[in-house]
Amino acid sequence: MILKGKKGIILGLANAHSIAYACANSATEMGAEILVSYLDERFLKWVKPLCEKLNAKYFPLDVSKDESIDSFFNNVSKIWDKVDFIVHAIAFAKSEDLEGRFVDTSRAGFSLALDISSYSLVAVSKRVASLMKDGGSIITLSYYGAEKVVSSYNVMGVAKASLEASVRYLASDLGNQNIRVNAISAGPINTLSARGISGFTKILHHFQSKAPLKRNVLASEIGNTAAFLASDLSSGITGETIYVDCGFNIMGA
Ligand code: 1JT
C-alpha cells in the first residue's frame, strides 16, 4: 500500500486496454484515491464502468484547449484540497504521419503531434503544481522512438524527444517545490492508439525476439512502475526516463 492516503490524477483513459487504465488500477491497488480524465462523451461508454469499478471520479479534458485544461483543474480543486501525483498518458498524431517517410510530415501534422503529445505536459504541469501542496510526482509516457529511429514512428519520435527534454526542464523548475517529474519509456503495448497503426503486430513480434526477457511488456508493468514513481519509494528520482521494456533498449546487434 505504497500510495495509501495519496490523491492522484490519471490523464488519458479511453478503455480497458489504455496504459492510463493500468496506471489507475495499480494506483488504486496501492491505496491511492484516483481521479481520471477522458477526452469526450464518446469514451464515457467505456470510462464510466471502469471508473465505477475503481471508485474513481472522472472529468472530461481536451489538452488542445487551454479553457478545457483550466476547467478540468477547476473541477479538481472543487473536490480535492491537494494533489500528490499525476500520470500524463496522452499522445496524438495523424495516422498519415505514422507511415511512410518522416520527411513528408506537414507543418500542421508536426504542430498537432507536438502540441498534444508534448506541450500538453507543460500546460498540465503548471496547473497541477499549484495543487501539489506537499510536493508531488508528475509522470509521463514515452517510447524508444524518441532516441533512435523506429520506422513509421516518425513525428511521434520527435514529439517524444521533445517530451523527454520537457521532463528534464520541468524537473529543474519544480524541484524546489519537491515536485518530481519523470517519464516511463514503455515497450510497445497493444492499445487502441497502437492498433490503428499498420504493421504494429510486426513491431510486437520483432520486439519479443530482440528483448532479453523474450516477451512483450504488460500494461500492468507500466502501471506498477508509475505507482513506484508516484510513491515516496522513488523520492530521489527526478528528470529521468525509466525504461520498462523487457530490456529491449540495451541490445545492440
Ligand atoms: C501514438 C500512437 C503514440 C501510437 C503509439 C504512440 N506511442 C507509442 N505508440 C505505439 C507505437 C506506434 C508506432 C510504432 C511503434 C509503437 C498512435 C496514435 C498517436 C499517438 O512504430 C514502430 C507507429
Side-chain angles (χ1 to χ4, degrees), residues 1-14 16 18-38 47-61 63 69-90 120-142 167 170-184 186 218-242 244:
M1 295 289 269
I2 56 175
L3 297 177
K4 198 170 165 53
K6 292 203 190 279
K7 291 182 162 76
I9 300 172
I10 317 270
L11 305 180
L13 184 67
S18 298
I19 296 176
Y21 182 64
C23 293
N25 207 26
S26 291
T28 307
E29 272 176 17
M30 295 298 166
E33 196 182 326
I34 292 297
L35 187 155
V36 157
S37 90
Y38 61 97
V47 169
K48 190 168 180 276
L50 292 171
C51 286
E52 280 167 0
K53 205 161 86 187
L54 297 178
N55 223 341
K57 300 184 178 64
Y58 48 99
F59 294 119
L61 170 61
V63 292
I69 307 179
D70 287 335
S71 85
F72 177 83
F73 282 101
N74 201 25
N75 283 330
V76 173
S77 61
K78 273 187 212 145
I79 58 166
W80 283 354
D81 53 355
K82 63 142 195 179
V83 174
D84 298 300
F85 66 91
I86 188 163
V87 179
H88 170 274
I90 292 175
S120 65
L121 179 71
V122 183
V124 157
S125 293
K126 185 182 169 96
R127 272 99 169 168
V128 82
S130 66
L131 298 173
M132 290 180 156
K133 294 176 185 153
D134 307 327
S137 176
I138 299 173
I139 299 145
T140 189
L141 272 302
S142 192
V167 162
L170 290 168
S172 170
D173 279 349
L174 302 177
N176 60 2
Q177 299 169 63
N178 195 29
I179 296 171
R180 300 181 291 107
V181 189
N182 293 288
I184 296 171
L218 304 170
S220 61
E221 295 174 310
I222 309 305
N224 287 343
T225 304
F228 161 73
L229 285 173
S231 80
D232 299 336
L233 290 178
S234 58
S235 55
I237 304 177
T238 194
E240 213 57 62
T241 298
I242 297 187
V244 182

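Just so we're clear, the structure is a prediction, and the values are computed from it rather than from any experiment. The basis for the numbers below is simple: all heavy atoms, side chains too, and nothing from hydrogens, waters or symmetry mates.
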Should Y38 and L50 be marked as a side-chain contact (heavy atoms from CB on, under 4.5 Å) after you check the CA-CA gap, both sets of side-chain angles, and the distance that decides it? CA-CA 12 Å; Y38 61 97; L50 292 171; over 6 Å; no
If you take all heavy atoms of [X] and [Y], which pair is closest and at what distance?
X    : Y    : answer
I184 : A226 : CD1-N, 3.6 Å
A227 : S26  : CB-CB, 4.3 Å
A20  : L11  : CB-O, 4.0 Å
R127 : S130 : O-OG, 2.9 Å
I222 : C23  : O-SG, 4.5 Å
R180 : T238 : CA-OG1, 3.3 Å

Do [X] and [Y] have side chains that get closer than 4.5 Å, going by heavy atoms?
X    : Y    : value
V124 : I90  : no
K7   : V83  : no
N224 : E221 : no
F72  : L35  : yes

Can we say K6 and D232 salt-bridge, meaning some charged N sits less than 4.0 Å from an Asp/Glu carboxylate O? yes
Which residues pass the salt bridge (charged side-chain N to carboxylate O under 4.0 Å, His left out) test with D173, not counting sequence neighbours? none
Can you tell me how far the [atom1] atom of [X] sits from the [atom2] atom of [Y], to the nearest 0.5 Å?
X    : Y    : atom1 : atom2 : result
L131 : D84  : CG    : CG    : 11.0 Å
F228 : S137 : CZ    : OG    : 10.0 Å
S220 : Y21  : OG    : OH    : 12.0 Å
M30  : S231 : CE    : OG    : 9.0 Å
E29  : L54  : CD    : CG    : 9.0 Å
E33  : L3   : CD    : CG    : 12.0 Å

N/O donor-acceptor pair under 3.5 Å between S37 side chain and P60 backbone: no
Does any N or O in the side chain of N75 come within less than 3.5 Å of the main-chain N or O of F59, such that one atom is a donor and the other an acceptor? no
Please walk me through it: do N55 and T28 pass side-chain contact (heavy atoms from CB on, under 4.5 Å)? CA-CA 9 Å; N55 223 341; T28 307; over 6 Å; no
Check this for me: K82, atom NZ, are more than 12 non-hydrogen atoms of other residues, nucleotides or ligands nearer than 6.0 Å? yes
Derivation of the side-chain contact (heavy atoms from CB on, under 4.5 Å) call for Y58 and L13: CA-CA 9 Å; Y58 48 99; L13 184 67; over 6 Å; no
When F85 is tested against each of L229, I179, I34, I138 for side-chain contact (heavy atoms from CB on, under 4.5 Å), which residue passes? I34
Taking it one step at a time, do L61 and I69 satisfy side-chain contact (heavy atoms from CB on, under 4.5 Å)? CA-CA 6 Å; L61 170 61; I69 307 179; 4.0 Å; yes
